[in-house]
Number of protein chains: 2
Amino acid sequence: MPEFLELHSKTSKVLRAAADAAVQRHGLRLGQDHLLAALWAEDGRTPGEIAAAVNVTTPAVTKLATRLAEAGLLERRPDPRDNRLVRLWLTPAGRALQVPIEAERQQLEDRITATLTKTERAHLLKALGKIHQALVDGP
Amino acid sequence: MPEFLELHSKTSKVLRAAADAAVQRHGLRLGQDHLLAALWAEDGRTPGEIAAAVNVTTPAVTKLATRLAEAGLLERRPDPRDNRLVRLWLTPAGRALQVPIEAERQQLEDRITATLTKTERAHLLKALGKIHQALVDGP
DNA sequence: CTGGGAACGTTAACCGGTAAACGATCTGCT
DNA sequence: AGCAGATCGTTTACCGGTTAACGTTCCCAG
């Protein structure tokens, strides 16, 4: 297997596991925090808007929303002006998770970047950005 | 969301999509190629060995193996000396995929690293390696 | 005003992955 | 020799994600 693909895959997997563990300490599962983050940034968005913001398909959001609603972290309410739309609203419990989850996430970021010098970190971000752009542009 | 985590997540997703598309052109799904790669490197391994080599749990391998067996790419055969063990053996069809899949994978790696200079690529690999190591060592 | 297309969210069917429980086999110790 | 514990693959039950099909609702052209 090519060098970068191999390394990225391994890093990705262990990073995912670390993020999952961090978020799970607060009763969430990986991905659910992203949906909540979209609502922390702006409450009352629609599933479609959230899906676009989080780079996920709409069905993924509706399933996550169902679970988060069952957990009492958000509420589904119809849009008063357009009945096709559903808007997701944070409950107090959902809003209360913002500080601890964001702290957890920052702590993980710090743990990672602590192993790098400032210039290493800058180079890494630049390279990753280039790769992301190249892939988005397509072949 | 912290900067590196955000960028890595996005890059990871688009990279996964690209790899999936590449491998799907040959009738495979993402992850199945990793299992096959483990057998190309050494045929007749057990699910547990493959799981360790690919950084995946054993049940994941048995499920993939079932699908690959149904597709006629590998065979399950019992170990003659230890009846607990099952060994996975490539069929000719499974072996025939090695060249095209590896080419596809190399092409993707090239497409990615083409956007980087030699030193950028070296720095990227080094930084990713550091991060991987830091996460594996744990908190 | 009315019909047809567009824009939504949801559902269903998959897939890869995990953790936990299960069942069969081997092995080491007394 | 025989039993207890370790080892291994599979099954089951989840979860997040995708694509495709579906049912509503809105909106606009005729």
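So you know, we letter chains A, B, ... as the sequences are listed, proteins then strands, and number each from 1.
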Original post:
Do A:H132 and B:H8 pass the ring-ring contact (aromatic ring centres under 6.0 Å, His included) test, and can you show the C-alpha distance, the side-chain angles, and the key distance before you say yes or no?
Top reply: CA-CA 9 Å; A:H132 176 256; B:H8 179 88; over 10 Å; no

Original post:
Looking only at heavy atoms, which two atoms of B:F4 and A:L15 are closest? And how far apart?
Top reply: CE2-CD2, 4.1 Å

Subject >> Contacting residues from residues 48-67 of chain A, given that a heavy atom lies under 4.0 angstrom of DNA chain C >> reply: A:G48, A:T58, A:P59, A:T62

Subject >> Of residues 2-11 of chain B, the positions that come close to DNA chain C - non-hydrogen atoms, cut-off under 4.0 Å >> reply: none

Subject >> Polar side-chain atom of B:K13 near backbone of A:N55 as donor-acceptor pair, under 3.5 Å >> reply: yes

Original post:
What's the shortest heavy-atom distance between B:G129 and A:L7, and which atoms?
Top reply: N-CD2, 3.8 Å

**OP:** Kindly indicate whether the side chain of B:L35, heavy atoms from C-beta on, has any atom under 4.5 Å from the side chain of B:V54.
**Re:** no

Original post:
Is A:R105 paired with B:E6 through a side-chain N to carboxylate O contact shorter than 4.0 Å?
Top reply: no

Subject >> Residue-level proximity of residues 81-88 of chain A to DNA chain C when a heavy atom falls under 4.0 Å >> reply: A:R84, A:L85, A:V86

Original post:
If you count the non-hydrogen atoms of other residues, nucleotides and ligands that lie under 6.0 Å from CZ in B:R95, is the total more than 12?
Top reply: yes

Original post:
Which two nucleotides bound the region of DNA chain C that has atoms under 4.0 Å from heavy atoms of chain A, read 5' to 3'?
Top reply: C:dA7 to C:dT11

Original post:
Do any N or O atoms from the side chain of B:D33 and from the backbone of B:G31 form a donor-acceptor pair under 3.5 angstrom?
Top reply: yes

**OP:** Extract, from 5' to 3' on DNA chain D, the first and final nucleotides lying under 4.0 angstrom from some heavy atom of chain A.
**Re:** D:dC15 to D:dC26

**OP:** For residues B:R29 and B:V23, report the shortest heavy-atom separation together with the two atoms involved.
**Re:** C-CG1, 3.8 Å

Original post:
So which of residues 16-39 of chain A are in contact with DNA chain C, with a heavy-atom cut-off of under 4.0 Å?
Top reply: none

Original post:
Between B:R87 and B:E75, is the closest basic N to carboxylate O distance under 4.0 Å?
Top reply: no

**OP:** Show your reasoning for whether side chain to side chain donor-acceptor pair (under 3.5 Å) applies to A:E120 and B:H123.
**Re:** CA-CA 7 Å; A:E120 276 179 329; B:H123 288 161; over 6 Å; no

Original post:
Which distance, rounded to the nearest 0.5 Å, do you find between the CD1 of B:I131 and the CG of B:L128?
Top reply: 6.0 Å

Original post:
So which heavy atom on B:P47 is nearest to which on B:T62, and how close?
Top reply: CB-CG2, 4.5 Å

Original post:
Which atom names give the shortest non-hydrogen contact between A:E102 and A:W40, and what distance separates them?
Top reply: OE2-CE3, 4.1 Å

Original post:
Just by modelled atom types, is the A:L5 backbone N or O under 3.5 Å from a matching donor or acceptor in the A:S9 side chain?
Top reply: no

Original post:
Are any of the side-chain nitrogens in A:R81 or A:D79 under 4.0 Å away from the carboxylate oxygens of its partner?
Top reply: no

Subject >> Side-chain (A:R45) to main-chain (A:A38) donor-acceptor, under 3.5 angstrom >> reply: yes

